[in-house]
Amino acid sequence: MRTLVVSDIHSNIVALEAAVADAERAGGVDGVWCLGDVVGYGPEPLACVARLRQLNATVICGNHDAAAVGRLDLAWFNAYAAEACRWTQAQLTPEVHAYLADLPERTVAGPFTLVHGMPREPLTGYLVSIGQAQDAWYETGAAAIMVGHTHVPFVCTEDGGMERPGPGGLRATLGSGHLLLNPGSVGQPRDGDPRAAYAVYDDVTGVVQLHRVWYDIPATQRRMTEVGLPEPLISRLSVGR
Ligand code: ZN
């Protein structure tokens, strides 16, 4: 079974569709896991929630999902993020509001524990070092963990430390050792590569492959301009920062 792993979609439906299509072309998709931040920053929150529900995705809560439904104070956000959050709040239907309000802060899917930030601080912690990955393995007792939140893809293993993917992606194999990875962000990458980031986990081979795919960035930017989202959030998509 091939599972598409996405994170930090941020209301960017064009990027989400590109990731789904790319994974389907490469061998099909049997399931979808989303590591949080379905909404926030981008122009299509309702379409992104609807698509994940259509795909019957396993979804956990990100800080932007939490803030959109009042589970997290906007004091955590910078001015542009807060402005986009208030815009997002105004778009939500009661049904989508209830969906986001019910998202769990962590879950177990296959061999992986899924959490948006880090196990100790599920919504707001930034996991950026091998030391923090070791803490996460120790605290949870879980050998395999997936996180999002930083919008920067990486793989952590006990032997290899923290590795960043090159332009062609990165491959990790679930084995006897510990593994912690971040697939990167679908809808607002911040590692200098503006392409949508995602991963595919194959439970037969135990391989997790980190991928990138181009999407129609100007289409998302035009939509953001139309709905009046802050300009710095629009221009950053071009550079992946
Ligand atoms: Zn995010």
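First listed ligand is number 1; within each ligand, the first listed atom is number 1.
- The atom name of the N/O/S atom in Asp8 closest to the Zn ion (ligand 1) is OD1.
- Between Phe112 and Tyr201, the gap from one ring centroid to the other is short of 6.0 Å.
- Note: angle at the Zn ion (ligand 1), from OD2 of Asp37 to NE2 of His10, is 90° (rounded to 10 degrees).
- Relative ring orientation between Trp137 and His178 is described as tilted, the plane-to-plane angle lying within the 30° to 60° band.
- For the Zn ion (ligand 1), the set of nearby N, O or S atoms under 2.8 Å includes one belonging to His151.
- Within a 6.0 Å sphere centred on CD of Glu95, heavy atoms belonging to other residues, nucleotides or ligands number 12 at most.
- Using modelled atom types, one finds no donor on one side chain facing an acceptor on the other under 3.5 Å when comparing Asp203 with Thr3.
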